[in-house]
Peer 1: 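Before I ask anything, let me first share the structure, which is written out below as C-alpha cells.
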Amino acid sequence: PLAYKLRMLTVPLRNLGGCISPDNSWMFLQGIETLSLRMERHCENAMAVATHLSNHEDVAWVRFPGLKDDPMYALNEKYLKGKGGSMVVFGLKADDGKKAGQLFIDSLTLISHVANVGS
C-alpha cells in the first residue's frame, strides 16, 4: 500500500541521510571548484537588487542583511563577512497586496516562479 511505500522512502532518509550515487558525487565535486566564485557573484547581484528595490517607489520594504538599515546587518557583518547572502525579500506598496503580488509574479519574464527555493 501507499502508506508502506511512503514510510520506506522517508524513514531511511531521516535515519541515514541522503545516499548519493558515485556519478552524482563526481558531478557535485565538479561544481565545488567554482562555488566560491559563484557565491560571491550571487551575493553581489543580491546586493544590487536589494539596493535597487530599496530605492524604488513601489516597494514598501526590503529585507536583505547586506543593507545597513536591515535588522540583521550586525549579524551579517559577523557571520557572513558583509556579503549578505543571496536572498532578497520585499513587499509591494498596494491596497490589495495579494493582487499586486500576483500581478508582479505573473509579469516576470526573466525570473521563474517556483514552489521551493532552489527548484
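Values below: all heavy atoms of this structure, side chains included; hydrogens, waters and symmetry mates excluded.
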Peer 1: With sequence neighbours excluded, tell me which residues meet side-chain hydrogen bond (donor to acceptor under 3.5 Å, both in side chains) with R7.
Peer 2: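 R7 satisfies side-chain hydrogen bond (donor to acceptor under 3.5 Å, both in side chains) with no other residue.
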Peer 1: Would you please name every residue forming a side-chain hydrogen bond (donor to acceptor under 3.5 Å, both in side chains) with S21, sequence neighbours left out?
Peer 2: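 Per chain and number, S21 pairs via side-chain hydrogen bond (donor to acceptor under 3.5 Å, both in side chains) with N24.
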Peer 1: So how far is it from K99 NZ to Q102 CD, rounded to the nearest 0.5 Å?
Peer 2: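 Those atoms lie 9.5 Å apart.
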Peer 1: So, for L67 and S54, which heavy atoms are closest and what is the spacing to 0.1 Å?
Peer 2: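 Distance-wise, the nearest heavy atoms are CD1-CB, 4.4 Å.
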Peer 1: Does any part of the side chain of Y73, heavy atoms only, come nearer than 4.5 Å to the side chain of D69, both counted from C-beta?
Peer 2: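 No, their side chains stay 4.5 Å or more apart.
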Peer 1: Side chain to side chain contact (heavy atoms under 4.5 Å, CB included) with L80: which residues, sequence neighbours excluded?
Peer 2: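 Listed in chain order: N76.
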Peer 1: Side-chain donor-acceptor contacts of residues 85-95 below 3.5 Å, not counting sequence neighbours, with atom names and distances?
Peer 2:
| from | atom 1 | to | atom 2 | distance (Å) |
| --- | --- | --- | --- | --- |
| K93 | NZ | E57 | O | 3.3 |

Peer 1: Name each donor-acceptor pair under 3.5 Å that joins a side chain in residues 27-42 to protein atoms two or more places apart or in another chain, with its distance.
Peer 2:
| from | atom 1 | to | atom 2 | distance (Å) |
| --- | --- | --- | --- | --- |
| Q30 | NE2 | W26 | O | 3.3 |
| T34 | OG1 | R38 | NE | 3.0 |
| R38 | NE | T34 | O | 3.4 |
| R38 | NH2 | G31 | O | 2.5 |

Peer 1: Looking at every heavy atom in both G84 and F64, which two are closest together, and how far apart are they?
Peer 2: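 In terms of heavy atoms, the two residues are closest at O-CE1, 3.3 Å.
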Peer 1: Would you please name every residue forming a side-chain hydrogen bond (donor to acceptor under 3.5 Å, both in side chains) with E44, sequence neighbours left out?
Peer 2: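 By the side-chain hydrogen bond (donor to acceptor under 3.5 Å, both in side chains) rule, E44 matches no residue at all.
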Peer 1: If Ile, Leu, Val, Met, Phe, Trp and Tyr residues are connected whenever their side-chain heavy atoms lie under 4.5 Å apart, and connections chain through other members, are V59 and L103 in the same group?
Peer 2: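 In one cluster: no.
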Peer 1: Nearest 0.5 Å, please: how far is CD in E77 from NZ in K83?
Peer 2: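 Going from the NZ atom of K83 to the CD atom of E77 covers 10.5 Å.
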Peer 1: Report yes or no: do Y79 and M72 belong to one cluster of Ile/Leu/Val/Met/Phe/Trp/Tyr joined by side chain heavy-atom distances under 4.5 Å?
Peer 2: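 Linked, Y79 and M72 end up in one cluster.
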